[in-house]
Amino acid sequence: MKAYSNLQIAELFRKMAAAYQILNENRFKIIAYERAADSIEHLTSDVKDLWDDKKLDEIPGVGTTIVSHLDELFRTGSIKHIDSVLAKIPESVFPLLLVPGLGPKRAYKLVDELHLNNKTTAIDDLEKALREHKVSTIESFGEKSEQDILQNIVTFKKGAIKEKRILLSEADQIAAHLIEFLKKNKNIERIDILGSLRRYVATIGDIDIAIISKDSEKAIEYFCTYPHVKIIEQGPTGASILLHNGRQVDLRVQEKRSYGAMLQYFTGSKNHNIALRSYALTKHLSLSEYGIKRVGSKEIKPFSNEKDFYEYLGMDYIPPELREGRGEVDHAIKHELPALVELADIKGDFHLHTNYNLEPSHDLGLHSIDEILDEANDLQYEYIGISDHNPSTGNHTETEIISIMKKRQEYYKKQAEEWNTRHHKTIHVCTMLEVDIKPDGTLALPDEAFAYVDAVIVSIHSSFAMTKEEMTTRIITGMSSHSKVKIFGHPTGRLLNRREGFEADWKKIFEVAKKKDIALEINASPYRLDLPDALVYDAIKFGCRLTIDSDAHQKEDMNMMKYGISVGRRGWAEKRDIYNTYSYNEMKKWLMPK
DNA sequence: GCCGTTTTCGGCCCGACTGTTTTCAGTCG
């Protein structure tokens with residue numbers, strides 16, 4: 001039978017929600033399907049596995065009806081009720097929903113009036129009709145709609161960029177430029193980055209900025225002079241522009257007295273705000289970006305800062321990274337939020353590549369161990385782990401590899417000693433290695449060579465296309481191959497926007513990691529951010545420990561640590577969960593037990 | 001269709017903006 005991925009199921013439910021919108025079904029049913037879709041899409045385990053374990057009802061937003069739908073899907077391959085509802089809607093409606101500004105109702109009306117019956121060419125057919133001015137004559141559409149939709153289609157087709165979310169680090173840079181620009185205007189008193197960028201989500205869609213200004217009109221006008229392709233919308237409280245790089249930037253302006261409520265609202269996430277507002281309603285309080293009011297009253301209590309806003313609701317301040325609707329509101333009410341790990345807690349970095357050539361099968365680093373030590377010194381680290389890739393197994397005999405490893409250890413030992421003497425410092429250097437887990441689960445390093453390392457990181461760099469079961473076995477075999485295996489590097493193998501992480505049974509892997517005290521790595525490279533935050537959350541709940549490593553291939557990359565920290569924080573990690581927050585003496589007991 | 005520290009029934013986040021409307025629906029975040 002056909003396998004159904006979480007994403008496919010989420011898409012099916014979203015289609016269902018759109019169909020219900022067109023059919024004017026009860027709007028809360030629509031929301032229910034959307035919520036179930038969101039929830040399933042963000043799940044860290046397969047819906048199919050939860051079905052096997054009879055745990056479908058544990059998914060938030062999935063109740064008796066949707067459980068029975070999923071059950072039917074996995075048993076028979078289809079869902080009669082959903083099929084019959086979707087059958088009422090022409091297929092060509094759904095591709096049109098990808099066009100910004102077109103929702104289910106208007107898309108349906110266009111398909112209906114213009115007889116857009118071919119779902120593969122629906123967008124092109126619509127574009128043609130727009131150019132022939134056939135849309136402005138349709139009831140409830142006009143000249144402006146015709147132009148707007150046409151322009152949105154053109155931007156949409158050209159801007160594959162817009163579809164894609166960009167990396168956190170790229171968004172960070174774009175935002176930095178904008179801030180610099182906004183700072184030059186005297187009407188602007190304060191600037192904050194909000195939205196997903198403030199929550200440090202791994203990839204970013206739009207960039208959201210809030211400002212305080214006494215003259216919002218002038219401030220907005222100034223913002224709209226930032227180099228752009230077009231102004232998407234402009235009103236008294238804010239504006240949105242589209243940049244040349246395909247990014248949309250939303251600006252909101254607020255007075256100082258209400259700024260806290262605005263920050264809260266505009267930081268999101270949507271799910272967090274829904275959870276917060278639902279809770280507030282049980283206290284007869286209604287929340288908005290202007291403040292808090294009693295239900296039925298018109299008087300709004302403003303808040304100039306977020307902390308007061310949360311505390312007024314009887315809960316602790318919730319750090320932005322936690323605002324994802326993962327139960328943070330309940331924890332805040334009970335004063336049980338985690339004390340999140342911070343960048344300042346980090347005392348070392350285990351995953352660093354130097355330019356020492358041990359003839360690996362993957363890439364070398366750019367800088368010498370001395371240069372890496374200089375950088376580590378600037379970062380005030382107590383220790384570092386040099387984890388070059390293992391010597392290639394194809395080009396060397398075992399004896400050669402052992403000899404390379406021995407020489408390398410001597411070299412690093414000598415360099416480290418000399419560097420420390422020269423600088424009157426004590427930065428401990430652990431001679432480590434990043435060792436490939438081969439497809440059969442064995443490690444790409446002969447047993448005898450382990451004598452010349454303090455510990456190793458194991459990771460996967462090849463043969464990603466395996467079944468979930470094979471991959472799980474491969475990883476567990478690799479982790480169990482030697483007692484010096486201490487870290488499982490970039491565990492899912494994902495490359496953001498380029499490659500999905502591979503499927504694996506994470507529960508089983510967590511079990512082995514916990515038992516053998518092997519840390520799961522949060523790889524801080526902006527291209528990876530792996531483990532992903534949702535799995536970090538699961539791993540910590542399971543009782544695993546982690547490390548946060550830069551995987552630097554040049555010394556500057558060591559500063560990417562901050563992105564790894566944000567992943568840890570988004571996964572509710574505390575200082576004690578992260579081994580490289582430990583002092584050298586404490587850390588050593590784990591990494592190099594005698 | 002989901003869900004429960006006021007509820008197993010009766011609620012469900014909240015507001016801005018836009019266009020085509022003479023009072024609102026659709027879309028978005």
Side-chain angles (χ1 to χ4, degrees), chain A residues 13 16-18 20-22 24-39 56-70 81-82 85 96-97 99-110 135-149 152 194-196 205-208 210 216 220 231-240 248-254 258 261-262 264-293 295 300 313-314 325 329-330 333-334:
Chain A
F13 287 169
M16 185 66 177
Y20 267 171
Q21 250 170 293
I22 293 163
N24 287 318
E25 182 52 91
N26 176 321
R27 70 191 180 99
F28 297 108
K29 278 195 194 180
I30 297 165
I31 292 169
Y33 273 103
E34 279 170 349
R35 199 168 157 233
D38 277 351
S39 185
L56 285 179
D57 56 352
E58 290 179 12
I59 305 171
V62 172
T64 42
T65 305
I66 293 183
V67 166
S68 74
H69 284 343
L70 289 169
H81 177 242
I82 291 188
V85 173
L96 295 189
L97 298 179
V99 178
L102 279 187
K105 296 259 182 164
R106 302 211 309 157
Y108 177 76
K109 186 140 193 179
L110 290 169
V135 171
S136 52
T137 58
I138 301 173
E139 188 205 356
S140 86
F141 288 85
E143 294 273 330
K144 191 71 172 66
S145 299
E146 195 166 74
Q147 286 166 23
D148 286 351
I149 297 169
N152 283 336
L194 305 181
S196 53
D206 299 339
I207 291 169
D208 303 308
S216 58
I220 290 167
I231 295 170
I232 296 165
E233 63 183 41
Q234 187 176 350
T237 60
S240 299
Q248 182 176 327
V249 184
D250 300 331
L251 179 87
R252 294 290 158 125
V253 192
Q254 189 66 272
S258 302
M262 141 85 81
Q264 195 291 314
Y265 157 73
F266 214 27
T267 296
S269 67
K270 186 175 137 198
N271 286 337
H272 173 74
N273 285 352
I274 289 173
L276 197 66
R277 289 169 182 199
S278 304
Y279 172 72
L281 273 185
T282 67
K283 308 246 164 212
H284 303 288
L285 297 172
S286 171
L287 315 181
S288 76
E289 61 259 51
Y290 301 104
I292 301 177
K293 65 176 186 186
V295 173
I300 297 177
L313 295 171
V329 172
D330 288 342
I333 294 165
K334 294 181 192 146

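Per chain, numbering begins at 1; letters A, B, ... match sequence-line order.
As rounded to the nearest Å, B/dG26 and B/dT22 have P atoms that lie 14 Å from one another. Using P as the reference atom, B/dG15 and B/dT8 are 28 Å apart when rounded to the nearest Å. Between B/dT20 and B/dA25, the two C1' atoms lie 10 Å apart (nearest whole Å). Between the P atoms of B/dC13 and B/dG4, the separation comes to 13 Å (whole Å). Rounded to whole Å, the separation between the C1' atoms of B/dT21 and B/dT27 comes to 16 Å. B/dC17 sits 37 Å from B/dT6 when the C1' atoms are compared, rounded to a whole Å. Straight-line distance between the C1' atoms of B/dT7 and B/dC2: roughly 14 Å, to the nearest whole Å.
Spacing between atom NZ of A/Lys109 and atom C1' of B/dA25 amounts to 11 Å, rounded to whole angstrom units. The distance between atom OH of A/Tyr20 and atom P of B/dC2, rounded to the nearest whole Å, is 10 Å. The nearest whole Å value for the distance from the CG atom in A/Leu281 to the P atom in B/dT5 is 15 Å. Rounded to whole Å, atom C1' of B/dC2 lies 8 Å from atom CD1 of A/Ile66. In this structure, the OH atom of A/Tyr108 is 17 Å from the C1' atom of B/dG26, given to the nearest Å. Regarding A/Glu34, its CD atom lies at a distance of 14 Å from the C1' atom of B/dC12, rounded to whole Å. Whole-Å rounding puts the A/Ile274 CD1 to B/dG11 C1' distance at 15 Å. Counting to the nearest Å, the C1' atom of B/dC13 and the NZ atom of A/Lys283 are 18 Å from each other.
For A/Tyr33, the side chain to side chain donor-acceptor pair (under 3.5 Å) criterion is met by A/His69, not counting sequence neighbours. In this structure, the salt bridge (charged side-chain N to carboxylate O under 4.0 Å, His left out) partners of A/Lys109, at least two apart in sequence or on a different chain, are A/Glu139.
In this model, the phosphate group of B/dG26 is approached by a side-chain N or O of A/Lys105 to a distance below 4.0 Å at OP1 or OP2.
Considering only side-chain atoms of A/Ser278, the nucleotide from B/dG1, B/dC13, B/dG29 that sits closest is B/dC13. In this structure, of B/dT6, B/dC12, B/dC2, it is B/dC2 that holds the atom nearest to the side chain of A/Ala32.
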Checklist outcome for this item: Contact string for nucleotides 15-22 of chain B, one letter per nucleotide 5' to 3', B = base within protein heavy-atom range under 4.0 Å, S = sugar-phosphate only, - = neither, reads SSSSSS--
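Among the protein residues, A/His272 comes within range of no part of the nucleic acid, since none of its heavy atoms lies under 4.0 Å from any strand. Here A/Leu276 lies out of heavy-atom contact (under 4.0 Å) with every strand. A/Ile30 comes within 4.0 angstrom of nothing in the nucleic acid, heavy atoms only. Heavy atoms of A/Thr64 sit under 4.0 angstrom from primed sugar atoms or phosphate atoms, though from no base atom.
With contacts defined as side-chain heavy-atom distances shorter than 4.5 Å, the pair A/Phe13/A/Leu70 qualifies. Contact of the A/Val249 side chain with the A/Ser240 side chain is not registered, since no non-hydrogen atoms from C-beta on lie closer than 4.5 Å. Taking 4.5 Å as the limit, some side-chain heavy atom of A/Val62 sits within range of a side-chain heavy atom of A/Val67. Residues A/Leu102 and A/Ile149 have side chains in contact (heavy-atom distance under 4.5 Å, counting atoms from C-beta outward).
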Next on the checklist: If you apply the rule side chain to side chain contact (heavy atoms under 4.5 Å, CB included), what do you find for A/Leu313 with A/Leu287, and how did you get there?
Outcome noted: CA-CA 10 Å; A/Leu313 295 171; A/Leu287 315 181; 3.8 Å; yes
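Here the shortest heavy-atom pairing between A/Ser258 and A/Tyr290 reads OG-O, 3.7 Å.
Of the possible polar contacts, none joining the A/Asn152 side chain to the A/Val99 backbone as a donor-acceptor pair under 3.5 Å is found.
Mapping A/Arg35 and A/Gln21 onto DNA chain B via the closest heavy atom, the residue that lands nearer the 5' end is A/Arg35. Between A/Lys334 and A/Val99, the one whose closest nucleotide on DNA chain B sits nearer the 5' end is A/Lys334.
In this structure B/dC28 sits in a base pair with B/dG15, meeting the Watson-Crick or G-U test at under 3.5 Å.
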